[in-house]
Structure formats: structure tokens, C-alpha cells
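If you read the sequence from its start, that first residue is 1, and numbering goes on from there. Values below: every heavy atom of this structure, side chains too, minus hydrogens, waters and symmetry copies. Remember, it's 1-based here, ligands and their atoms both numbered in the order they're listed.
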Amino acid sequence: MTVTDDLHIDVHGLRKMYGDFPAVDSVDMQVRKGEVFALLGPNGAGKTTTVEVLVGVRDRSAGTVAVLGEDPRRDARSWRNRLGVVPQNTGDYLDLTVREVVSHFGSFYSDPIPTDELISMVGLTSKARAKTTSLSGGQRRRLDVAVGVVGRPELVFLDEPTTGLDPEARREAWDLVNYFRELGATTVLTTHYLDEAEALADRAGIIAAGKMLTVGTIAELGRTAGAATLISLTGLPQVERVIPRELGLVETTRPDDRAPITTISTDHATEVLSRLIPYAREHGCHEIPGLSVHRPTLEDTYLRLIQREDAKR
Ligand SMILES: Nc1ncnc2c1ncn2[C@@H]1O[C@H](COP(=O)(O)OP(=O)(O)OP(=O)(O)O)[C@@H](O)[C@H]1O
């Protein structure tokens, strides 16, 4: 298999203008076969516009786009059948029941997921005979997901699949993503929930103001914004004696009526700890009080990058 076959999405320099406003600007994005890729960003970042271009419902202003090896502009029927799309806003399902809707959309495909199996997968079994007009917002969202994936797509686009869902329904939507992963499908999901990206995605891209700010695995993204690991502790004097400047920056704060808190900001957490532990023992301290190690997380990186981007505007 060549590298190109292995890429289900290959986007270079994507730009989408609304008038003279660049909603998506010079975006590059590659998603490999079988990956779950999250497009993470705040409101108005350009996530939906990007997805709309990739699934062929919106034309682009510039850039090259290949989805399952085809340009979405061609919109070939055989290509569209390989995609599953759950848009943010779906149309009405008229006066039909849940079962009728799922069965109707399934009839467009040669090998749909059996209706009752899919209804159960999205947690709507008790509503199978209910009219769609009687569903709650969250139940309606589950039905949208069922409709989007009924044709066993090779590539699934989920635009904010869990916005408006209660915690249990969110978990069920996550299970569905994992189900498709097990089937070998590729998934692109847009979200502004960091925990969702952390729980589901192999890789994520952080997008703001139409620009892709960074792309990487969740662990890589934790390190992207240059945040150091923070080690903090209380009750040890003069820690800087064993932690030289090149290993980390030691700061001590003295909150009123509490023990001084020492914080070490470092890119060498293991080495710092290996020096701290014998030092603590020398001071008769076998359990270092208040010891915590905070590795930079996706949230740290996300907030830094988004704030940096906001400051530019
Ligand atoms: N049809 C349109 N005409 C003009 N501007 C638009 C249109 N659709 C979107 N925009 C603008 O383009 C920008 C990107 O919108 P988009 O919907 O892609 O963002 P998003 O990241 O999906 O946001 P959200 O998380 O709120 O759904 C926003 O500033 C939005 O106001």
C-alpha cells in the first residue's frame, strides 16, 4: 500500500472565503486510514466549514483536497456512498418513527447495519416506535448519528456529535466511535470538548480563526505550547541547593499561616525527582508533603494557543 492509499484525507492550503472573510485559511490536514482525528477549536474557528468542504457540500476558494483519494468537487455517487456524515444541524424526519427513519436511510446502501442493531447501538431501543417529533434534543442527536453511519462508512464525519447530550448519552456516542474504530473506519470529529478529544482521538488538530495552529497525538499536543512540567511540594528547605538552574526553575511562595510551597518548573522531571528524593531523606522526610507532578496537558496547550491567537486579533 502506498502512502497516498493510506491517507484517507489529504488537504493542502485549504482556504474558504465568505466575501472577504477567510473562514478557513491555509489549512493542511492529513488523516490516515483507521485513525480517529479530532478537529478541536472554539466557536467560529472554522471546523464546520472545513468538514463541509471535505464532504463536498461546500466549495472551497483555494487549496487541494483529496478525500478517499477523490476531490470532493467531483461528488461521485460511489465516493459519497463510502462516507458517513453526521452534520451539526440535520433536516426534519417528518412524521416518521425512529425505526422508519433508520430503515429508510439504510435502504440507500447495499450493506446497511441492521435497523434494530443500530437503534440499540445509539441507545434508542425504547423509542424505536416513537415519532421523531416526540424525541428530546439528545435523542434526536442519537438518531442523527444512526442515520449518518447506517451505510457502514469507511470514513465518518461527526460534527460536534455530543453537543447537547447528557453524560450517559455522550458515553454512548463515544462507544459508537470506538465501534467504528474496531471496524477499521476512519473518523473525523469536530468538538470543543477537550475530554472528548482525549478519550477518542489518536491525533488532533487545534484550529482557531481559520488557522490550524498545531497537529499531533494527544501526548504531543500536551508538549506543543512549550509548557514545562510543574513539580510542587511543601516542607523542604532550600531545594535550589540540589536543583541547579539548568535542570529547572525553583520558586518558593509563603502563603500566610501555611508551610512554604516550592514549585519547580522543569523539562527534566525524572532527573529532578531523582535528586529530590535523597535530599528529602537527608532531611528525615520519607514522604514529601504535598508532592505533585503536573505534566502539561492538552488543556494547557489548547488554552495557551487559543489565548495567543485571541491576543493577535
Ligand atoms: N455561510 C456563511 N456566511 C458567512 N460567514 C460564515 C458562514 N458560515 C460560517 N461563517 C463564519 O465562518 C467562521 C467559521 O464558522 P464555522 O461554522 O466553520 O466555525 P466552527 O468552528 O464550526 O464553529 P462552532 O463550533 O460554533 O460550530 C465563523 O466566523 C462564521 O461566522
Looking at Asp195 and Arg170, is there a salt bridge between them, counting it only when a charged N and a carboxylate O are closer than 4.0 Å?
yes
Could you tell me which atoms of ligand 1, counted from 1 in the order shown, lie closer than 4.0 angstrom to a heavy atom of Gln88?
27 (O)
Pull out every atom of ligand 1 sitting under 4.0 Å from any heavy atom of Phe21, numbered as shown with elements.
11 (C), 12 (O), 13 (C), 29 (O)
I'd like to check which ligand 1 atoms, numbered from 1 as shown, lie under 4.0 Å from a non-hydrogen atom of Pro42.
21 (O)
Looking only at heavy atoms, what is the nearest atom pair of Ala38 and Ala201, with distance?
CB-CB, 3.8 Å
Testing the 3.5 Å rule here: is there a donor-acceptor pair between the side chains of Thr48 and Gln88?
yes
Using a plain distance cutoff, I'd like to know if Gly41 has any nitrogen or oxygen under 3.5 Å from a nitrogen or oxygen of ligand 1.
no
For His192, atoms of ligand 1 separated by under 4.0 Å from a heavy atom
25 (O)
Just by distance, no angles: are the side chains of Glu196 and Thr162 close enough, under 3.5 Å, to form a donor-acceptor pair?
yes
Tell me the closest heavy-atom pair linking Val149 and Ile113, and the distance in Å.
O-CD1, 3.7 Å
re atom 12 (O) of ligand 1, the protein heavy-atom contact at minimum distance is Ala23 CB, 3.4 Å
Heavy atom of Glu52 under 4.0 Å from ligand 1?
no
Distance under 6.0 Å and angle within 45° of the ring axis: does Arg80 meet both against Phe108?
no
Hey, which atoms in ligand 1 end up nearer than 4.0 Å to a heavy atom of Asn43?
23 (O), 24 (P), 25 (O), 26 (O)
Under the 4.0 Å line, does any protein heavy atom show up next to atom 14 (C) of ligand 1?
yes
If only side-chain N and O atoms count, and only distance matters, is there a donor-acceptor pair under 3.5 Å linking Thr229 with Thr266?
no
Does an N or O anywhere in Thr50 fall below 3.5 Å from an N or O of ligand 1?
no
Students should be able to answer this: which protein heavy-atom is nearest to atom 1 (N) of ligand 1, and at what distance?
Tyr18 CE2, 3.6 Å
